[in-house]
Amino acid sequence: MSNLLEVRGVNFAYPSLKVLTDINLTIKEGESHVIIGPNGAGKTTLFKVLSGEMFAKGGQVFYEGQDVSALDAWQRVHRGIGRTFQMARLFVEQTVLDNVIMALESRERIKKTAHGCWWRLSPAKEIVEEAHVRLAEYGLLKRVDDLAANLSHGDKKRLELLLTLALRPKLIMLDKPTAGMAPEDRRAAIETINRLRQSEGLTLLLTEHDMEVVFGLATRLTVLNHGEIIASGDPEEVRRDPTVRRIYFGKVAAYA
Ligand SMILES: Nc1ncnc2c1ncn2[C@@H]1O[C@H](COP(=O)(O)OP(=O)(O)OP(=O)(O)O)[C@@H](O)[C@H]1O
Ligand SMILES: [Mg+2]
């Protein structure tokens with residue numbers, strides 16, 4: 001498996017707080033890499049630095065062998081890096097269907113096809129049809145005309161995943177994709193994510209607190225503690241690591 005993303009010596013600090021210290025991490029194509037760590041460990045901050053929402057204060061980020069450290073978030077999206085958020089980000093005043101249409105049109109703009117032209121007054125028939133197919137795949141067809149604001153938490157997360165994947169990323173970063181979901185929704189979400197990884201050839205980087213989700217999805221596991229990586233590797237080996245057990249697994253119930 002070749003390296004899709006390489007993080008070399010990344011540091012990050014907010015004005016009064018050092019958050020990431022010398023982060024070195026490799027994400028290989030096709031893997032499902034889960035990052036765990038206590039609240040405030042720096043997981044979301046790392047995602048922001050990798051997606052270009054914030055810039056590292058030192059070190060470099062390579063994607064497909066190229067240094068993307070200085071690229072803005074939208075430029076990284078164009079390269080194939082997608083990301084969802086701990087709190088779903090949707091156009092809440094728009095309908096579910098319009099959210100999907102806008103995402104599909106953005107993809108067409110990235111591909112520079114006529115379906116994505118800014119001057120279109122109404123979406124192309126093919127785009128509307130594809131939106132319906134995708135909504136059916138995600139079990140959201142019943143919600144097409146609802147405002148995104150009125151969806152349940154689980155449906156909002158599902159819609160956000162659909163929108164992110166509509167841009168056809170190669171690497172997708174999911175920040176706590178099952179947070180706040182009921183157990184049955186959580187299981188369904190794991191299945192969807194696993195299925196997508198296989199059917200769409202996706203590489204996953206995700207953060208998660210729920211251990212059922214972690215061990216249901218992870219092919220690699222990294223533990224972040226106070227902004228430092230304290231273990232990274234095979235999930236079962238990391239689970240047995242004495243330092244990880246002491247710092248994290250012993251307390252995991254308290255963080256969930
Ligand atoms: N915008 C900000 N300004 C200043 N400090 C921040 C900011 N955002 C986060 N922090 C701090 O940086 C540290 C890391 O936060 P981060 O959100 O990356 O942690 P996390 O691992 O994602 O936590 P959680 O598991 O709760 O989501 C925390 O101490 C947090 O309070
Ligand atoms: Mg977070």
Side-chain angles (χ1 to χ4, degrees), residues 5 7-25 27 32-61 69 72-73 76 81-90 153-154 156-158 160-161 163-164 169 171-183 185-186 189-190 193 204-218 220-233 235 238-239 241 243-256:
L5 189 81
V7 183
R8 293 192 202 153
V10 158
N11 290 292
F12 184 84
Y14 291 110
S16 58
L17 183 70
K18 188 157 195 333
V19 179
L20 299 174
T21 307
D22 194 25
I23 300 292
N24 291 289
L25 193 64
I27 314 294
S32 177
H33 199 125
V34 182
I35 299 187
I36 59 172
N39 292 125
K43 304 178 294 295
T44 298
T45 303
L46 177 61
F47 272 26
K48 287 181 179 171
V49 168
L50 298 183
S51 64
E53 204 175 317
M54 299 190 310
F55 295 104
K57 310 283 183 206
Q60 289 160 303
V61 179
S69 316
D72 288 325
R76 296 190 206 191
I81 303 178
R83 136 152 219 236
T84 68
F85 296 85
Q86 204 165 324
M87 297 299 293
R89 287 190 188 174
L90 306 165
H153 179 76
K156 277 187 185 144
K157 293 288 238 189
R158 235 192 299 269
E160 196 197 21
L161 185 61
L163 299 180
T164 309
L171 170 70
I172 183 167
M173 293 191 268
L174 307 171
D175 199 356
K176 296 193 179 160
T178 71
M181 282 188 188
D185 285 348
R186 189 169 286 175
I190 300 177
I193 293 169
L204 295 176
L205 178 61
L206 57 144
T207 71
E208 187 54 60
H209 268 171
D210 184 276
M211 287 303 131
E212 190 187 347
V213 179
V214 170
F215 288 98
L217 284 174
R220 304 280 295 173
L221 187 60
T222 291
V223 187
L224 199 62
N225 188 50
H226 292 303
E228 289 182 50
I229 292 178
I230 58 166
S232 188
V238 170
R239 198 210 291 254
D241 183 294
T243 313
V244 174
R245 293 193 78 83
R246 184 169 48 77
I247 292 177
Y248 189 67
F249 286 120
K251 298 178 186 166
V252 79
Y255 298 120

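Numbering of residues begins at 1 and proceeds along the displayed sequence. Counting starts at 1 for both ligands and their atoms, following the listed order.
- Less than 4.0 angstrom separates some heavy atom of T45 from each of these atoms of ligand 1: 14 (C), 15 (O), 16 (P), 18 (O).
- Taking only nitrogen or oxygen atoms, main chain and side chain alike, G42 reaches within less than 3.5 Å of ligand 1.
- The only member of L205, I81, I23 that meets side-chain contact (heavy atoms from CB on, under 4.5 Å) when paired with L50 is L205.
- Here T207 does not reach the Mg ion (ligand 2): none of its N/O/S atoms is less than 2.8 Å from the metal.
- At distances below 3.5 Å, not a single donor-acceptor pair connects side-chain atoms of H226 with backbone N or O atoms of T21.
- Atoms of ligand 1 found under 4.0 Å from any heavy atom of H209 (numbered from 1 in listed order, with element): 25 (O).
- Listed by number with element, the atoms of ligand 1 under 4.0 Å from a non-hydrogen atom of K176 are 24 (P), 25 (O), 26 (O), 27 (O).
- Atoms of ligand 1 found under 4.0 Å from any heavy atom of T44, numbered from 1 in the order shown, are 17 (O), 18 (O), 20 (P), 22 (O), 27 (O).
- Under a cutoff of 6.0 Å and an axis angle of 45°, R239 and F215 form a cation-pi pair.
- Separation of atoms CE (M181) and NZ (K156) is listed at 12.0 Å; rounding is to 0.5 Å.
- Residue K48 places no heavy atom under 4.0 Å from ligand 1.
- Close contacts of ligand 1 with N39, meaning ligand atoms under 4.0 Å from a residue heavy atom, involve 23 (O), 24 (P), 25 (O), 26 (O).
- Here's the thing with A41: one of its N/O atoms is less than 3.5 angstrom from an N/O atom of ligand 1.
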